[in-house]
Protein chains: 2
Amino acid sequence: MGERATIRDVAARAGVSVATVSRVLAGTYPTSAGSRAKVLRAAKDLDYVANAHARALAGAGRKTIAVLMLDVVSSFYAAVAQGVEREAAQHDRFTLVASTGADPARELALVQMMREQATEAVVLVGGVVEDAEYRERMAQYAQSLAAAGSRLVLCGRPAPAPDVPAVVVEYDNEAGAYAVTSHLLGAGHRRIAMIGFQPGNTTGEDRVRGYLRALEDHGVPASDALLHGIGFGQHNGDEAIRGLLDKCAGKPDFTAVFAGDDRVAAAAIKALAEYGLRVPRDISVVGYNDDPVAADITPGLTTVHIPGEEMGRTAVRLALGGTDRTGQRRRLLGTHIVVRDSVRRLTP
Amino acid sequence: MGERATIRDVAARAGVSVATVSRVLAGTYPTSAGSRAKVLRAAKDLDYVANAHARALAGAGRKTIAVLMLDVVSSFYAAVAQGVEREAAQHDRFTLVASTGADPARELALVQMMREQATEAVVLVGGVVEDAEYRERMAQYAQSLAAAGSRLVLCGRPAPAPDVPAVVVEYDNEAGAYAVTSHLLGAGHRRIAMIGFQPGNTTGEDRVRGYLRALEDHGVPASDALLHGIGFGQHNGDEAIRGLLDKCAGKPDFTAVFAGDDRVAAAAIKALAEYGLRVPRDISVVGYNDDPVAADITPGLTTVHIPGEEMGRTAVRLALGGTDRTGQRRRLLGTHIVVRDSVRRLTP
DNA sequence: CTGAAAGCGCTAACAA
DNA sequence: TTGTTAGCGCTTTCAG
C-alpha cells in the first residue's frame, strides 16, 4: 500500500521484458497472443497503472491544457471552462483549472507553472482593463510559452498585437449591444437607460459603444444622465437604479433599461419593484450574457446570448491547430438575442 | 522556438555542473554566491523553466489534486470546485478538473487516469443514486487509489462502508429541509407542497425526509397529493406546479411550496405567475441551495444555504491529513436558512 | 561548496 | 515477435 507497481514488477510477474509489457499495454506494436495474455494478467493482478510522468518524460503520454480565469463560479467562466474541458477530453487531453483572482502577479506565477507542466496550451479567460502594461504582459506570456512549445489562447480578451504568437477567441460585444438596443428601439422605446458596466473594462466599453451606436442610427439622442456605469454584478444594478430613480423622485424619465449583464438586470428589476415599478408593465429591461438567471426570473429576461461553452471549445480547437478550415489565429464568435418577456411594446 | 532549454543548457552556459544548477534553483542547498549569480543569469537568458514531469519522476515537484463532477456549470459544483482549487493552491497543489457527465464508465476511466497522474487525491462530487453497484464501485476506487498512494474523497455523496479507505464530506440535507419546513410551519402554513426532488437520489430523498419529519413534529399530516418529485432543475419546477394546479383547477389547495432546489423554486414562481398567483402574496415559496438565483429573483427567495466552497476546502484539507483537530475521516457540514422575502406569515 | 553518477519509470531504437 | 539498452530532464547521494 502506498508503493505503486512499476512496469518492471509487471514484467517480472509475467516473465517477459519491460519492453514487451510496454508494447502490449500501448497496443501500438505487434505482440504474440501468449505474452499479451500473460502481461494483461500480471497487470491486472498488480493493479498496475503506468506512471504518467515517466511516460511524459519519455515523450509519450497525455497532454494537458490549462485554463486560467478570475474565478470558477461566474456562470460565464464556468461555461467556458466546461467547453474547454469537454473539447479537451474529446482530443484526449486533460484540463488543468486555476483561478487568478484578478491578481496579475498570481496570473504570472500560474503561467510560469503551466509552462513547467509542459501544458500544450494556456487559455486565459475574461474581460480586462486593457492598458499598455496588459499588452506587454500578454506579449511576454505568448513569447515564453511559444519558446517552450506551448501556446497562449486569449478568450474574450483583446489581442495584444498582430505579431504576438497568440490565438484569440472573442465574441462580438458591440454587435450584441447594438442588437438589444435596437430591439428596444424597435418596440418604441426612446428613453433607454444603460447601467452596470465597468468603465475601462473592455467588455463593458464595447457594450456601451454598441448601445450608443444603435441610438445614433435610430436618430435618438444619447443622454449622459441615462448612463450609469460602475461595474458588473448584482450590487451595482441596485445602486444604479436607485441613482437613476432618486434623481427624478421615483418618477422615471426613462421607459427601458439596458443592463450590462443579467445579474445587474435582475437586481434592477428588484430595485424597481421597491419603487412600485413592475417589469415590463412600467419599465422594460434587457440584459446581457444569457446567464441561467435570465431564464429563471419572472418575467423571463430578454437578453443577449454569448457562446461561453462554444468559446471554450473553439479555444482548444484553434490551440490544437485542428480542423479549422480558415486556419485563422483569431476568431470572432457571434451572439444573438434571446427574446423573453421583459420588454413591452410601446404603442404611442 | 518549440524546444525548451534543459538544465544542461543552463549548466553549460553558466559554466557549472547540472547539479549546481539544480541546487541553486531549488534553493534548498548551500551554494556560493558566484555560481548562484551565474546560474540565475543563464537561466534568465535562456528563459528556462524546469520540466515538471522530470521533476516529478525524480521524486520532487508539485502535487496535484483532481476533482471529478457531473458538470462544471451548476453553481453548487462550481462552488465546490472553487473551494478545492483555492485550498489546493494554498497548499501549493494544482487542481485537475474533469467532468463525468453522469456516466459511470467515464467516471471509472477518469479515476484510472488520475491514478496514472499520481494525483494526491481524487475528489468525487455530487448526489447519486445509492445502490449496491455504487457502493462497490466506490470501494474499488478507494482501494486502488489507496494502493497507488492516493486517496478518495467523497463530497456530498454517501459513504460506501465504514472500512473503505475514503474521506467523506457531507452536509446535512435533512436538517436543512427540516429547518425550512419548520420555518414555513412557524409562519402558519399547514398545506405545504414539496416539489422537485429525484426519487432514488440521495440528496433529494434526504430533503424529503427532513420535510416529512418537520411536518410530523408539528402534528401536520403529510399528503401524497402534495408531494411531486421527478427531478431537480428548472423544467421540473414548472411541470410540478402545473401538475399541482391542474388537479384543482387553478384554485390551489396549498399555501406554500418547498422546492427541492432554488432553480425549481424559480420555475415554480414563474409557473404560479402564469396562473395569476403571486409570491408571497398568494403562495409562499422556499428553495434549497442558496444558488445565486435565490438572491437575484424578485422576491428574494428564502432558502437553505449549503456550504459549497467550504466543502471543497474541507475535502482537500482532510485529504491532505491537515490540521483537522478531530482527525476524522468523515465530516458533516452544517447548513442554515437564509431568510428573504418569499414567505408570507399567515394570520388566521 | 561542487562534480560525477546513479537512478525515477517509461518508450523506442536497435539487435537478435 | 522479443530482449537489451540508451536516454527523456531532473534530483540526490557520494566523493572530492
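Only heavy atoms go into these numbers, but all of them, side chains included; no hydrogens, no water, no symmetry mates. Throughout, protein chains are lettered first and strands after them, A, B, ... in sequence-line order, and every chain is numbered starting at 1.
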Within residues 5-25 of chain B, residues whose heavy atoms come under 4.0 Å of DNA chain C:
Val16(B), Ser17(B), Ala19(B), Thr20(B), Arg23(B)
Arg4(A) to Tyr48(A), cation-pi by 6.0 Å centre distance and 45° axis angle
no
Sole residue of Arg93(A), Arg151(A), Lys63(A) in salt bridge (Lys or Arg N to Asp or Glu O under 4.0 Å) with Glu120(A)
Arg93(A)
Distance-only polar pair, side chains of Thr31(A) and Arg36(A), donor-acceptor under 3.5 Å
yes
Please confirm whether the shortest side-chain N or O distance from Thr31(A) to OP1 or OP2 of dT2(D) is below 4.0 Å.
no
With a cut-off of less than 4.0 Å, is there a side-chain N or O of Ser32(B) near OP1 or OP2 of dT2(C)?
yes
N/O donor-acceptor pair under 3.5 Å between Tyr134(A) side chain and Pro158(A) backbone
yes
Rounded off to whole Å, could you give me the CD-to-P distance for the Gln117(B) and dG9(C) pair?
16 Å
Check each residue of residues 48-65 of chain B for a non-hydrogen atom within less than 4.0 Å of any atom in DNA chain C, then write out the ones that pass by number, or none.
Leu57(B), Ala58(B)
Do Glu130(B) and Thr202(B) meet the criterion of a side-chain donor-acceptor pair at a distance under 3.5 Å?
no
Would you kindly give the OH-to-P distance between Tyr29(B) and dT2(C), to the nearest whole Å?
11 Å
Distance-only, no hydrogens or angles: does the Asp103(B) side chain make a donor-acceptor pair with backbone N or O of Thr100(B) under 3.5 Å?
no
Measure CG/Leu46(A) against C1'/dC10(C) and give the value in whole Å, please.
16 Å
So, the side chain of Arg13(A) versus the backbone of Ala43(A): is there a donor-acceptor pair under 3.5 Å, distance only?
no
Please check this pair: side chain of Ser150(B) against backbone of Ala146(B), looking for a donor-acceptor N/O pair closer than 3.5 Å.
no
